[in-house]
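In what follows, a structure is listed as structure tokens, so that the remarks can point back to it.
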Amino acid sequence: MDAQGPRWGRLTQRAEFQRAAKGRRIGASAFTLQANARATEMRAQGPRIGLTVTKKTGNSPVRNRIRRRLREAMRRISPRAARADFDYVLMARRDALTLAFDALVADIAAAIGRAHTPRPARDGRS
RNA sequence: CCAGUCGGCCGGGCGACCGCUGCUUCUCAAGAGCAGAGGAAAGUCCGGGCUCCACACGGACACGGCGCCGGAUAACGUCCGGCGGGGGCGACCCCAGGGAAAGCGCCACAGAAAGGAAACCGCCUCUCGCCUUCCUCACGGAAAGCUUGAGGUAAGGGUGAAAGGGUGCGGUAAGAGCGCACCGCGUCGGCGGCAACGUCGGCGGCAUGGCAAGCCCCGCCGGGAGCAAGACCGAAUAGGAACGACGCGCGGCUCGCAAGGGUGCGCGGGGCCUGUCCAUGGGCCUGGUCGUUCGGGUAGGUUGCUUGAGGCGUCCGGCGACGGGCGUCCCAGAGGAAUGGUCGCCGCGCCGGACACUUGUGUCCGGCCUUACAGAACCCGGCUUAUAGGCCGACUGGUAAU
RNA sequence: GCGCCCGUAGCUCAACUGGAUAGAGUAUCGGUCUUCGAAACCGAGGGUUGGAGGUUCGAACCCUUCCGGGCGCG
């Protein structure tokens with residue numbers, strides 16, 4: 001595949017997750033996507049992604065499996081589809097364990113596309 | 001074949017493509033090769049290794065844990081083999097199982113009495129009095145009942161979880177270990193056993209109720225913290241130390257006739273640490289301002305980090321836990337945390353349908369799950385808990401056939 | 001990685017440190033009162049004491065283990 005292409009950066013710090021949570025929020029059956037632009041000095045370092053799987057979702061094997069499915073799905077989506085100055089956070093729901101993998105990839109790609117509209121879709125082009 | 005007991009094991013397999021982490025090869029890059037979750041990785045309930053800190057040796061106290069005996073082990077609260085008690089027809093299973101004649105405490109309600117015995121209803125003897133019947137002419141006497149007082153008794157009734165050995169016979173006014181037999185208990189001795197204990201005999205003659213997962217006593221064990229331990233490298237900012245200058249709570253030394261100066265040399269005092277004490281102690285720190293220099297630590301990085309009380313095979317010793325010899329292998333090392341994603345075939349299971357046939361099983365088709373419990377975080381030994389389904393071995397009780 | 005605490009009616013709390021029917025308030029239901037409701041009064045139901053096992057004659061209480069929740073330190 002496009003192994004030479006740009007790669008997703010990763011969010012690791014708690015503050016980065018909290019900043020992303022202040023941005024747009026798109027829900028889907030398997031997850032909730034949060035996206036927000038970074039601070040100016042960190043601009044244009046490529047898009048970054050963070051995963052959140054809470055303990056409410058399930059026990060450790062369940063959480064691991066969800067995290068791995070989401071990470072593999074993100075690998076299928078080119079970072080070129082995202083904005084280089086944005087951070088994205090995927091908060092998993094329990095459906096992320098059972099949803100068909102192709103549908104999961106499509107949902108995430110669609111959610112990333114919707115996250116770039118500046119305001120919640122009041123103008124008709126959802 | 002049915003029912004059951006015990007022990008051990010597996011807990012999906014093969015393949016394709018695309019990925020992740022580590023190691024090796026390689027001058028680098030790229031590429032290639034190899035490896036990559038568990039029996040519980042879990043809970044964190046115990047025991048260790050390892051690391052740092054503390055401690056002169058030690059003793060006592062306090063606190064915590066453990067508790068039949070012997071063994072295994074680095075150690076254990078684990079395991080093995082016994083003993084004792086309890087359960088089961090049996091294979092077998094369960095037991096925190098030291099001490100209650102060191103002391104304190106508790107034993108509600110009920111009951112007379114709940115712990116150095118006592119005596120409610122009773123039973124028995126004697127006795128004051130009353131009354132009835134009988135004998136007698138009468139005095140008086142006999143028997144039965146009620147009753148006063150004194151005494152004996154614990155068999156029976158009744159309460160309770162538990163009533164100061166149990167059962168039986170004798171004995172007695174009635175009774176009682178009062179006597180005897182057996183059982184139980186205690187004690188002494190013999191024998192067997194390393195021991196727990198067992199067994200036999202003698203003696204005692206009931207003394208020693210239960211609770212120590214109540215306090216406690218006895219014996220044994222335990223210094224504290226934990227890989228975010230610890231080691232190395234090491235920004236910014238703040239703080240620290242050394243040196244120099246200015247300088248001082250007291251004392252000392254020294255210069256000076258004196259005023260005063262020099263010297264941080266000593267001490268008091270204060271603070272902190274070692275659980276407390278014996279205990280005196282021991283260790284460390286201790287004034288301010290300015291200047292110069294230095295090193296420690298924080299963020300971050302590297303390391304600790306996987307070769308270990310290691311796995312497998314085999315032989316020997318041991319009833320066994322286990323130990324020893326030899327051979328062979330290297331078998332996850334992440335770091336907000338890799339071990340994955342999508343498929344194909346097979347296997348297992350579940351659900352539905354059809355057919356065959358004796359309940360039930362077999363065959364075929366379709367669908368679901370591609371499986372239960374569950375994810376390494378320094379490493380081992382255990383314990384406990386969770387676990388769909390399946391396999392193997394030994395044994396017990398039935399049933400049938402031979 | 002350590003350490004500590006708590007679980008009792010739907011909810012908030014008791015139960016004298018082992019003693020018998022686990023008790024209050026509130027909520028729920030029924031009745032009285034009222035034209036109706038509220039308040040008040042009367043009555044009723046509601047508990048595997050988080051689960052399991054053990055010690056004891058007897059356990060909410062003691063012990064072991066599991067489950068759930070909360071807190072503190074690094």
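Below, chain A is the first sequence line, B the second, and so on; all start at residue 1.
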In whole angstroms, the gap separating C1' of B:rC18 from CZ of A:Arg71 amounts to 15 Å
Taking only nitrogen or oxygen atoms into account, show me every contact under 3.5 Å that the protein makes with nucleotides 375-379 of chain B, one pair per line with its distance.
{"unit_1": "B:rG375", "atom_1": "OP2", "unit_2": "A:Ser60", "atom_2": "N", "d": "3.4"}
{"unit_1": "B:rG375", "atom_1": "N7", "unit_2": "A:Asn64", "atom_2": "ND2", "d": "3.0"}
{"unit_1": "B:rG375", "atom_1": "O6", "unit_2": "A:Arg68", "atom_2": "NH1", "d": "3.3"}

Is there a side-chain contact between A:Val53 and A:Val62, using heavy atoms and a 4.5 Å cut-off?
no
Could you work out the separation of C:rU64 and C:rC6 based on their P atoms and round it to a whole Å?
14 Å
If I take atom CD1 in residue A:Ile77 and atom C1' in nucleotide B:rG341, what distance separates them, rounded to the nearest angstrom?
13 Å
Complementary nucleotide of B:rC106, counting Watson-Crick and G-U pairs under 3.5 Å
B:rG210
What interatomic distance, in whole Å, is found between C1' of B:rA163 and the corresponding atom of B:rC206?
16 Å
Rounded to the nearest angstrom, tell me the gap between atom CZ in A:Arg75 and atom P in B:rC18.
10 Å
If I pick the P atom on B:rC278 and the same atom on B:rC379, what distance separates them, to the nearest angstrom?
46 Å
Here the distance between atom P of B:rU339 and atom CZ of A:Arg69, to the nearest Å, is 14 Å
Looking at every strand, decide which applies to A:Arg63 at a 4.0 Å heavy-atom threshold: base, sugar-phosphate, or nothing.
nothing
Just to be sure I follow the notation: if a pair is Watson-Crick (purine N1 to pyrimidine N3 plus N6-O4 or O6-N4) or a G-U wobble (N1-O2 and O6-N3), each under 3.5 Å, what dot-bracket string does RNA chain C give, with | for pairs to another strand?
(((((((..((((.....[...)))).(((((.......))))).....(((((..]....)))))))))))).
Strictly distance-based, threshold 3.5 Å: is any side-chain N or O of A:Arg93 a donor or acceptor partner for the main-chain N or O of A:Ala28?
yes
Spacing of A:Leu97 atom CG relative to B:rG340 atom P, expressed in whole Å:
14 Å
For B:rA338 and A:Arg67 - does any side-chain N or O of the residue sit under 4.0 Å from the phosphate oxygens OP1/OP2?
yes
How far, in whole Å, is B:rU199 from B:rG177 if one measures between their P atoms?
28 Å
Integer angstrom distance from the C1' of B:rC248 to that of B:rU286
15 Å
Whole angstrom value for the distance that separates C1' of B:rU342 from CG of A:Leu104
13 Å
